[in-house]
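Below you'll find the structure, written out as structure tokens, and then a few comments.
Just so we're on the same page: letters track the sequence lines, and every chain starts at 1.
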2 protein chains.
Amino acid sequence: MTMTHTQSRFNSTLTSQCQNCSLSALCLPIALADEDINRLDQIIERKKPLKKGDFLFRQGEAFDSVYAVRSGTLKTFNITSYGEEQITGFYCPSELVGLSGIDSNIYPVSAKALETTTVCEIPFSHLEELSSQIPSLKHQLFKVMSRKISDDQQMMVLLGKKNADEKVASFLLNLSTRFKKRGYSASAFRLSMSRGEIGNYLGLAVETVSRVITRFQKSELIHVDGKEIEIIDFPEIQKLVGVASDCGKIANI
Amino acid sequence: MTMTHTQSRFNSTLTSQCQNCSLSALCLPIALADEDINRLDQIIERKKPLKKGDFLFRQGEAFDSVYAVRSGTLKTFNITSYGEEQITGFYCPSELVGLSGIDSNIYPVSAKALETTTVCEIPFSHLEELSSQIPSLKHQLFKVMSRKISDDQQMMVLLGKKNADEKVASFLLNLSTRFKKRGYSASAFRLSMSRGEIGNYLGLAVETVSRVITRFQKSELIHVDGKEIEIIDFPEIQKLVGVASDCGKIANI
DNA sequence: GGTAAATCTTGATCTAGGTCAGAAAGAGCC
DNA sequence: GGCTCTTTCTGACCTAGATCAAGATTTACC
């Protein structure tokens with residue numbers, strides 16, 4: 001294993017890199033004490049950037065690491081029985097990719113860069129070991145995985161019950177929320193994925209995505225210029241989504 | 001907390017109950033040493049059975065425990081913005097319910113019994129604490145959550161890409177696999193959920209589920225008698241599913 | 001900077017599965 | 001055993017979104 005080698009190349013500064021990272025408030029280190037961040041920092045390897053279209057890992061490969069996105073965007077996808085791609089998620093900075101590989105020790109999906117993307121590689125065996133020593137890190141890991149489970153379930157609701165307008169509105173609002181959390185504008189952002197990829201992810205044909213976006217633009221819910229999106233009428237978009245995003249707070253049957 | 005009280009009532013025998021449980025080979029204790037099973041056993045509370053229609057927990061309630069199903073079946077579901085139910089999962093014996101509550105400390109779904117059902121309540125804070133002391137338990141927990149993530153992603157593929165026949169075939173095959181793992185017949189079993197609930201889960205109308213099942217019966221893929229299902233032509237059902245279930249082994253692009 | 005390839009848009013048509021309606025078969029319940 | 005309530009089945013119709021087709025625009029690459 002050449003890890004120490006690579007580490008010395010990337011981690012040569014004395015101060016923790018995680019501590020300096022603008023994403024530390026969102027990524028794993030949240031709620032860690034300074035000395036613990038340093039220990040986490042030791043096991044993390046900063047990889048050189050992926051170019052658009054590069055694979056981070058491929059479906060079927062041996063699982064050994066999870067990855068935190070530092071910049072750029074990734075998509076994960078399955079190849080279905082007849083060779084078509086099914087996108088299962090998009091990953092923005094501070095988000096963790098690869099957690100689904102823990103169970104079988106094999107990545108059940110492929111991960112590919114949608115644009116130039118940098119990631120931190122976190123060897124899972126080290127992370128697991130460290131999590132025994134740092135309870136708050138373990139808790140954080142459980143939380144991240146739990147969050148992924150409930151997010152995926154929201155996605156199942158979207159795929160199973162929503163119509164095209166609701167799907168696209170949910171998608172835009174979801175991105176908006178994620179950008180906002182990271183300190184970027186919640187109303188204006190750039191889509192790093194193609195219309196085709198959006199459709200694939202949402203269970204819609206490309207043409208439908210295009211038509212819905214055009215329609216939203218005409219009804220002045222959003223303003224579109226190619227991949228640049230500006231959400232103009234938040235209340236209306238939220239109404240379409242059904243504000244199901246926080247239905248945890250809604251009264252029960 | 002009245003736990004010790006309740007424990008003494010349910011856990012009074014000296015031998016570990018987990019150890020005697022027929023599900024221990026599938027549930028959390030897998031890969032645990034005897035003394036560790038005993039420690040896990042101490043924190044588990046066997047609850048009295050739920051009757052059909054009883055809630056185990058409700059969307060929005062404070063999260064404090066995960067539950068292992070001992071017998072019977074549960075469904076979890078969201079209430080969407082306009083009051084309809086969206087089923088996000090069915091849970092059979094040995095399966096763990098409630099993991100999605102860890103992140104927000106609130107159950108993001110409700111869980112309801114489909115028939116008389118017994119569960120083991122596992123207070124999460126205790127489980128988490130114990131997992132620090134027993135690395136294999138921690139690993140097992142990570143695996144269970146990871147498995148849930150990849151299963152849910154398979155479900156997203158199903159909802160986003162499959163047609164009605166493929167959805168129903170996948171559903172039947174999935175149940176079959178789960179029953180088999182537990183030592184029951186893989187080919188003949190009883191559906192504990194209604195056609196309506198199947199449709200809800202698969203993103204189909206009741207009528208469509210009914211029609212597909214009838215069609216499968218006519219083409220002699222399955223034999224149906226009310227809720228009793230017998231899978232007759234496994235190869236054909238698998239062909240419909242596309243054997244996408246183990247596409248992890250398929251070559252990557 | 002120019003050309004080929006990919007992506008996006010828009011219109012016209014088609015269809016899988018939804019919706020509506022009613023009959024048949026179970027499941028509780030007194 | 002009869003009554004009601006729920007679930008399941010089946011047929012007739014309809015619609016949201018897929019598919020097909022063909023331009024328009026963007027992106028990538030020499």
Self-check item: Validation row: N78(B), Q154(A) side chains within 4.5 angstrom (heavy atoms)
Solution: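 A side-chain contact under 4.5 Å exists here.
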Quiz prompt | Side-chain heavy atoms of E85(B) within contact of I79(B), under 4.5 Å | solution =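 The answer is yes; the side chains approach within 4.5 Å.
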Self-check item: Test side-chain hydrogen bond (donor to acceptor under 3.5 Å, both in side chains) applied to T118(B) and S71(B), step by step
Solution: CA-CA 5 Å; T118(B) 55; S71(B) 66; 2.7 Å; yes
Are a donor atom and an acceptor atom from the side chains of [X] and [Y] found within less than 3.5 Å of each other?
| X | Y | result |
| --- | --- | --- |
| T88(A) | T76(A) | yes |
| K227(B) | S192(B) | no |
| N200(A) | E84(A) | no |

Exercise. Return the nearest nucleotide to the side chain of N163(A); candidates are dT10(D), dT8(D), dG17(D).
Key: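 My answer, after comparing the listed nucleotides, is dG17(D).
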Quiz item: From dT7(D), dC9(D), dG11(D), pick the nucleotide closest to the side chain of S194(B)?
Solution: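 Closest nucleotide to the S194(B) side chain: dT7(D).
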Quiz item: With L202(A), which of K162(A), K167(A), E166(A) fulfils side chain to side chain contact (heavy atoms under 4.5 Å, CB included)?
Solution: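 Of all the options given, the one that passes is K167(A).
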Quiz prompt | First-last contacting nucleotides on DNA chain C - partner chain B, under 4.0 angstrom, heavy atom | solution =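 Listing 5' to 3', DNA chain C meets chain B from dG17(C) to dC20(C).
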Quiz item: Parallel, tilted or perpendicular: which fits the ring planes of F189(B) and F179(B), with parallel below 30° and perpendicular above 60°?
Solution: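 Geometry flag for F179(B) against F189(B): tilted rings.
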Practice problem: Evaluate the ring planes of Y107(B) and Y67(B), with Trp represented by its six-membered ring, and classify them as parallel (under 30°), tilted (30 to 60°) or perpendicular (over 60°). | Solution: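 Correct class here is tilted.
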Quiz item: Heavy atom of residues 195-204 of chain B under 4.0 Å from DNA chain C: which residues?
Solution: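 Listed by number, they are G203(B), L204(B).
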Self-check item: Nucleotide dG17(D), atom P - distance to CZ of R211(A) in whole Å
Solution: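 Nearest whole value for this atom pair: 11 Å.
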Practice problem: Whole angstrom is fine here: how far is it from NZ in K167(A) over to P in dA16(D)? | Solution: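 The distance from NZ of K167(A) to P of dA16(D) comes to 14 Å, rounded to the nearest Å.
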Quiz item: Closest nucleotide of DNA chain D for A205(A) versus for T208(B): which of these residues is on the 5' side?
Solution: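 The residue whose closest nucleotide sits nearer the 5' end is T208(B).
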So which protein N/O to nucleotides 22-30 of chain D N/O distances come out below 3.5 Å?
none

Exercise. Mark yes or no: R58(A) above the aromatic ring of F55(A), with NZ or CZ under 6.0 Å from the six-membered ring centre and no more than 45 degrees from the axis.
Key: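 Relative to the ring axis of F55(A), which defines the angle, R58(A) lies inside both limits.
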Quiz item: Can we say R178(A) and E95(A) salt-bridge, meaning some charged N sits less than 4.0 Å from an Asp/Glu carboxylate O?
Solution: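 Judged by the 4.0 Å cut-off on N to carboxylate O distance, R178(A) and E95(A) do form a salt bridge.
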